[in-house]
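Residue numbers run from 1 in the order of the sequence given.
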Amino acid sequence: MKPNSHEQDKRHAFDSFCKKILKHEARDYYDELKRQRGRETTFSDLSAKEMEQLYTEDKYFVIEQVFNVLGLDVIVTDCVIAGALENLPERKRDIILLSYFLELSDREIGDKLNMLRSTVQYQRTSTLQKLKKFMEVDIYEQQEKK
């Protein structure tokens, strides 16, 4: 049976209606994607400061050891490192803290402590060797306890 012209007109009208709806939905979808791209930024485009604002760290059970160096407080949260630093003479501990925690150069440390740059460099490297040995012994003792 052939559909009459009235039924055929209804089918064409419905077909046209469906195509318009799909066309407008697709356009709305692409417009929304364009708006999102304008508002969103990829992680690779963020600066280091902006990245730091995206997360937080919980420090419930962290024991902090505070060392005072030239009027500045340096916080050490690792128990092994804090214990190793406590066993150092004050001058050598200050050099390590200024160098690795406050990121000063040997020349800047020498200026602040009235020492030669080469003396600071020598004491820093020799103190690091002592710290390494102390920490190896401490870690070895902790493993034996387990």
Side-chain angles (χ1 to χ4, degrees), residues 7-146:
E7 285 180 18
Q8 203 168 18
D9 287 344
K10 283 183 184 179
R11 285 186 184 168
H12 287 305
F14 182 72
D15 184 50
S16 174
F17 173 75
C18 290
K19 287 179 182 177
K20 282 182 185 178
I21 294 295
L22 291 174
K23 178 181 171 185
H24 289 290
E25 281 298 316
R27 188 186 67 215
D28 291 346
Y29 174 73
Y30 287 118
D31 287 346
E32 180 61 27
L33 286 179
K34 186 177 178 182
R35 277 191 293 275
Q36 279 182 349
R37 274 186 253 125
R39 290 188 306 248
E40 295 176 357
T41 304
T42 59
F43 285 121
S44 60
D45 291 340
L46 294 176
S47 68
K49 185 177 181 181
E50 291 170 324
M51 286 292 285
E52 289 175 3
Q53 294 175 350
L54 297 178
Y55 68 92
T56 184
E57 292 180 30
D58 293 335
K59 298 180 182 179
Y60 295 118
F61 302 106
V62 175
I63 299 171
E64 295 180 344
Q65 177 73 33
V66 179
F67 295 96
N68 192 306
V69 182
L70 302 175
L72 300 171
D73 288 337
V74 177
I75 299 171
V76 179
T77 56
D78 187 280
C79 295
V80 176
I81 295 174
L85 289 169
E86 283 180 339
N87 289 326
L88 292 175
E90 186 178 352
R91 176 75 97 187
K92 292 183 178 190
R93 180 176 54 230
D94 288 350
I95 290 172
I96 295 296
L97 291 171
L98 289 169
S99 180
Y100 293 101
F101 288 83
L102 298 177
E103 299 176 352
L104 297 180
S105 68
D106 290 345
R107 183 174 310 282
E108 292 170 326
I109 295 169
D111 290 343
K112 291 187 181 294
L113 299 177
N114 296 323
M115 300 171 70
L116 295 174
R117 184 205 53 82
S118 58
T119 306
V120 171
Q121 188 267 333
Y122 174 77
Q123 287 194 5
R124 182 176 47 80
T125 54
S126 65
T127 305
L128 280 178
Q129 291 172 353
K130 288 179 185 178
L131 283 172
K132 181 180 176 184
K133 287 178 187 175
F134 178 82
M135 291 173 67
E136 285 174 350
V137 170
D138 191 46
I139 291 172
Y140 179 71
E141 289 173 359
Q142 287 178 0
Q143 289 176 350
E144 283 182 352
K145 290 179 184 177
K146 291 180 182 179

Side-chain ion pair, D15 and K19, N-O less than 4.0 Å: yes
Would you say the side chain of R107 lies within less than 4.5 Å of the side chain of S105, judging by non-hydrogen atoms? yes
Tell me if the CD atom of E90 is crowded by more than 12 foreign heavy atoms within 6.0 Å. no
Pick from L104, L113, L98, I95: which one makes a side chain to side chain contact (heavy atoms under 4.5 Å, CB included) with V69? L98
Determine whether more than 12 heavy atoms belonging to other residues, nucleotides or ligands lie under 6.0 Å from atom NZ of K92. yes
To the nearest 0.5 Å, tell me how far N87 CG sits from R93 CZ. 9.5 Å
Heavy-atom check, side chain of I75 versus side chain of Q65, under 4.5 Å: no
For L88 and L131, what are the C-alpha separation, side-chain angles and deciding distance, and is it a side-chain contact (heavy atoms from CB on, under 4.5 Å)? CA-CA 8 Å; L88 292 175; L131 283 172; 3.8 Å; yes
Is any side-chain heavy atom of L70 closer than 4.5 Å to a side-chain heavy atom of L102? no
Side chains of S16 and H12, heavy atoms from C-beta outward: is any pair under 4.5 Å? no
Given side chains that start at C-beta, do those of M115 and I109 come closer than 4.5 Å, heavy atoms only? no
The reported gap from CZ in R37 to CD in E32 (rounded to nearest 0.5 angstrom) is 10.5 Å
Would you give the length of the straight line joining atom CG of L72 to atom NZ of K112, rounded to the nearest 0.5 angstrom? 7.5 Å
Please answer whether the main-chain N or O of Q123 pairs with a side-chain N or O of T127 as donor and acceptor at a distance below 3.5 Å. yes
Find out whether L85 and F101 are in side-chain contact, i.e. whether some heavy atom of one side chain is under 4.5 Å from a heavy atom of the other. yes
Thinking salt bridges, do K10 and E7 make one under a 4.0 Å N-O criterion? no
With a cut-off of 6.0 Å (strictly less than), are more than 12 heavy atoms of other residues, nucleotides or ligands near CD1 of I63? no
More than 12 heavy atoms of other groups within 6.0 Å of E103 CD: no
Where the side chain of T125 meets the backbone of Y122, is there a donor-acceptor pair that is under 3.5 Å apart? yes
Could you check if a side-chain atom of V66 sits within less than 4.5 angstrom of a side-chain atom of N68, using non-hydrogen atoms only? no
